[in-house]
Amino acid sequence: PFRNLPCNVWVWCPSDFDACFEPDAHAHKPNNCWLKFSEAPEWPEVNQRGSMAELGFPEYRKKHTQAPELTQWVSGTVLPKGVPMTN
């Protein structure tokens, strides 16, 4: 059933970095881009934004010293006409 869901969120890793850090099991590379589906694209769930220290990642960075100080990802959403972004 998931293959029929529309893609309405995108994530991209700029080529300015050697790798793009993400606290998951994947090895993300520069210029990686993928599409996602969100049930509420006008209210995206953000797990990283700006400084990692401000997001509660200092403890994480102690264990994962390769984690950058700033989020490397760029992301966005595609909204139907007339639907405003809410966060």
Side-chain angles (χ1 to χ4, degrees):
F2 296 111
R3 78 177 105 196
N4 295 325
L5 296 174
C7 295
N8 55 12
V9 176
W10 56 270
V11 180
W12 175 64
C13 171
S15 60
D16 307 23
F17 304 101
D18 294 330
C20 281
F21 179 80
E22 175 71 16
D24 64 15
H26 301 287
H28 300 287
K29 304 290 183 203
N31 290 317
N32 277 173
C33 182
W34 62 91
L35 300 174
K36 300 179 176 187
F37 169 77
S38 173
E39 291 181 5
E42 71 281 0
W43 188 263
E45 296 178 33
V46 178
N47 65 0
Q48 294 181 2
R49 176 186 288 161
S51 170
M52 294 287 196
E54 294 172 10
L55 295 172
F57 275 88
E59 292 301 316
Y60 187 87
R61 289 189 73 227
K62 286 179 184 176
K63 294 179 184 176
H64 301 274
T65 56
Q66 79 282 8
E69 291 184 27
L70 297 173
T71 302
Q72 300 164 313
W73 297 99
V74 177
S75 61
T77 183
V78 179
L79 298 174
K81 188 174 182 176
V83 175
M85 183 70 72
T86 57
N87 70 348

Do you know the tightest heavy-atom contact between Leu79 and Pro84?
CD1-C, 4.0 Å
Using side-chain heavy atoms (C-beta onward) and a distance below 4.5 Å, is Met85 in contact with Pro44?
yes
Heavy-atom distance under 4.5 Å between the side chains of Asn31 and Trp12, does that happen here?
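Yes - at least one pair of side-chain heavy atoms lies under 4.5 Å apart.
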Separation of Phe37 CZ from Cys7 SG (nearest 0.5 Å):
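It comes to 9.5 Å.
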For the backbone of Asn8 and the side chain of Thr77, can you confirm whether one donor and one acceptor N or O come within less than 3.5 Å of each other?
yes
